[in-house]
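Encoded as structure tokens, the structure appears first; notes follow it.
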Amino acid sequence: MTNFENNYYSALGLKDGATLKEVKIAYRDLVKKYHPDLNPDNKDFEMRIREINEAYEVIGNHIEKEIYDQYRARPKKLEKVFFTSDFIG
């Protein structure tokens with residue numbers, strides 16, 4: 001499930017709107033650095049690799065990336081109107 005509050009680009013050390021190729025390269029580099037097999041019993045690295053994987057699941061997929069980018073480009077005012085429990089059709 002996509003968490004729109006997270007900035008998945010920054011989780012991978014990228015600028016917003018990075019290309020799929022840039023996402024893939026950043027993901028591979030970070031996985032090599034934070035891989036659990038290379039850093040056993042390091043809880044900080046374990047949490048970081050989870051963030052990296054979550055980010056890649058979203059912005060590493062062209063369809064989910066497009067949805068994520070469109071949502072993040074929306075004005076914050078619209079979020080309050082359409083994505084709160086106060087608004088009932």
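- Considering CG of Asn42 and CZ of Arg48, their distance stands at 12.5 Å, rounded to 0.5 Å.
- When atom types are taken as modelled, the side chain of Tyr8 and the backbone of Tyr68 share no donor-acceptor pair closer than 3.5 angstrom.
- Between Phe45 and His35 there is no side-chain heavy-atom pair separated by less than 4.5 Å.
- A distance of 10.5 Å separates CG in Asn61 from CD in Glu66, rounded to the nearest 0.5 Å.
- Counting heavy atoms from C-beta outward, Tyr9 and Asp69 have side chains that approach closer than 4.5 Å.
- Side-chain atoms of Asn39 come within 3.5 Å of backbone atoms of Lys33 as a donor-acceptor pair (strictly under, hydrogens ignored).
- Scanning both residues, Ile49 and Val31, for their nearest heavy atoms gives CD1-CA, 3.9 Å.
- Interatomic distance, Glu64 CD to Tyr71 OH, rounded to the nearest 0.5 Å: 15.0 Å.
- To the nearest 0.5 Å, atoms CG (Leu12) and CD (Glu22) are separated by 11.5 Å.
- For the residue pair Asn53/Tyr34, the side-chain donor-acceptor check at 3.5 Å is not satisfied.
- Annotation: Glu46, atom CD; neighbour count of heavy atoms from other residues, nucleotides and ligands within 6.0 Å is above 12.
- Interatomic distance, CG of Asn7 versus CD1 of Ile59, reported as 8.0 Å (0.5 Å rounding).
- Of the possible donor and acceptor atoms, one in the side chain of Lys65 sits under 3.5 Å from a partner among the backbone N and O of Ala18.
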